[in-house]
There are 2 protein chains.
Amino acid sequence: MHCGEMGSRWGFNRTVGQMYGLLIIHEDALTAIEISEALNISRGNVSMGIKELQSWRLVQVQHKPKDRKEYYSPAGSIWEMATRVFEERRKREVDPTLSLLRDNLLDEPANQKEVYAQEKMHEIHDLLETGTHWASELQSMSPDKLKTLMKLGSGVSKVINFKDKFINKN
Amino acid sequence: MHCGEMGSRWGFNRTVGQMYGLLIIHEDALTAIEISEALNISRGNVSMGIKELQSWRLVQVQHKPKDRKEYYSPAGSIWEMATRVFEERRKREVDPTLSLLRDNLLDEPANQKEVYAQEKMHEIHDLLETGTHWASELQSMSPDKLKTLMKLGSGVSKVINFKDKFINKN
DNA sequence: TTAAACTTTCAGAAATTACTGAAACATCAG
DNA sequence: CTGATGTTTCAGTAATTTCTGAAAGTTTAA
């Protein structure tokens, strides 16, 4: 139920949220009918929801021998779930804006107001660019390394200072 | 217009997105009427939108001498805008889930299924916890340091290795 | 090739969310 | 106080999003 309430904040809708929550919590894979009965939603809605979750690369389909039904379960670990949601949201929330800003910055400003507007857009562009670039670099690190880094927290700045000092000495 | 289309993905609605975009792009502060005319929306809607933006701590109100009108402009730099949106979204998208998970993990599992469910919830809880903790530590760093860190990108892992080696030697 | 067992699609209904405009409320100069 | 000039609120309406269920589509065993 909570996954449903939060669903839209997380980028999908109520039933899709509930469906994913159910799949996560459930050890065995579930059929479409089981999902529709567990959540009291129509069979068609389940089909659409699965499609949506697949577009997020969050569910996988299994087949059992001697059984024509499709069995659904979450794709990947909790960690992978997080990186996928992160990545998909970047694609939907950041990338379009980034490309619009890029286009816009190619135009010549026609007057003083446009000069100011472009300055601001430039700032936003650079920020988003740096952010997404960083995010993708972090994702290319192994989860283990990332965990170390996170545990380090703001202590990271000490390590960086330290490195700088060391390099300067040589 | 783009800010409007993206509005809902960014956590607010179309007109609120447009209003904020307009304020960012515009050098001088704007009155409610100017906003409503520029975007072709009702005066009442502007009032509600401003309220919403204030709840995100994204706009500020100014007054001019000899003038009873309120003048609106973005609160803080682009950088601050980003951290505020980030923070507010965490409050709305992560915190409620975190607290629900915490409550839930206090309950004794009644059967095997609940044991499994709790395990998963535990994983999610820890991940969100680590993530939000890290985010808040990063936010406590100065923007400059953060920029250095971001520029470093995945090179960060080298620095961490370096630290480990150094510590082990002693 | 058929029919049983399942999945997908999609038009329309239901639910939710956003917007308008008029009335209520606030502030202040005279 | 009063009225001019603003802002806020909110009931009703409009727009959008989500959901249903029946029909169409798919797959496979016999």
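A close approach under 4.0 Å does occur between a side-chain nitrogen or oxygen of N13(A) and OP1 or OP2 of dC19(D). The shortest distance between the side-chain N/O atoms of R43(A) and the OP1/OP2 oxygens of dT20(D) is not below 4.0 Å. For dC6(C), neither phosphate oxygen OP1 nor OP2 lies less than 4.0 angstrom from any side-chain nitrogen or oxygen of T31(A). For T15(A) and dT18(D), the shortest distance from a side-chain N or O to OP1 or OP2 is not below 4.0 Å.
For the pair K51(B) NZ and dT7(D) P, the computed distance is 15 Å after rounding to whole Å. Between the CD atom of E52(A) and the P atom of dT8(C) there is a distance of 14 Å, rounded to whole Å. In this structure, M48(A) atom CE and dT7(C) atom P are separated by 15 Å, rounded to whole Å. Rounded to whole Å, the distance from CD on E34(B) to P on dT7(D) is 11 Å. When rounded to the nearest whole Å, the span between CZ of R9(B) and C1' of dT17(C) equals 17 Å. One can place CD of Q18(A) at 13 Å from P of dT18(D), the figure rounded to the nearest angstrom. In this structure, R14(B) places its CZ atom 8 Å from P of dT20(C), rounding to the nearest Å. Rounded to a whole Å, the CG atom of N45(B) is 14 Å from the P atom of dT9(D).
Remark: E88(A) engages R92(A) in a salt bridge, criterion side-chain N to carboxylate O under 4.0 Å. Ion pairing between a basic and an acidic side chain is recognised when a charged N comes within 4.0 Å of a carboxylate O; E80(A) and R57(A) show no such pairing. Ion pairing between a basic and an acidic side chain is recognised when a charged N comes within 4.0 Å of a carboxylate O; R102(B) and E129(B) show such pairing. Salt bridge present: R89(B) and E93(A) bring a charged side-chain N and a carboxylate O closer than 4.0 Å.
Using a 4.5 Å cut-off on side-chain heavy atoms (C-beta onward), Y72(B) and M19(B) make no contact.
Sequence order on DNA chain C of the closest nucleotides to G44(B) and E70(A) puts E70(A) first from the 5' end.
Judged by distance alone with a 3.5 Å cut-off, a donor-acceptor contact links the side chain of R68(A) to the base of dA4(C).
Of the candidates dC19(C), dC6(C), dT20(D), the closest approach to any side-chain atom of K69(A) belongs to dC6(C).
If you check every strand for non-hydrogen atoms under 4.0 Å, I33(B) touches nothing.
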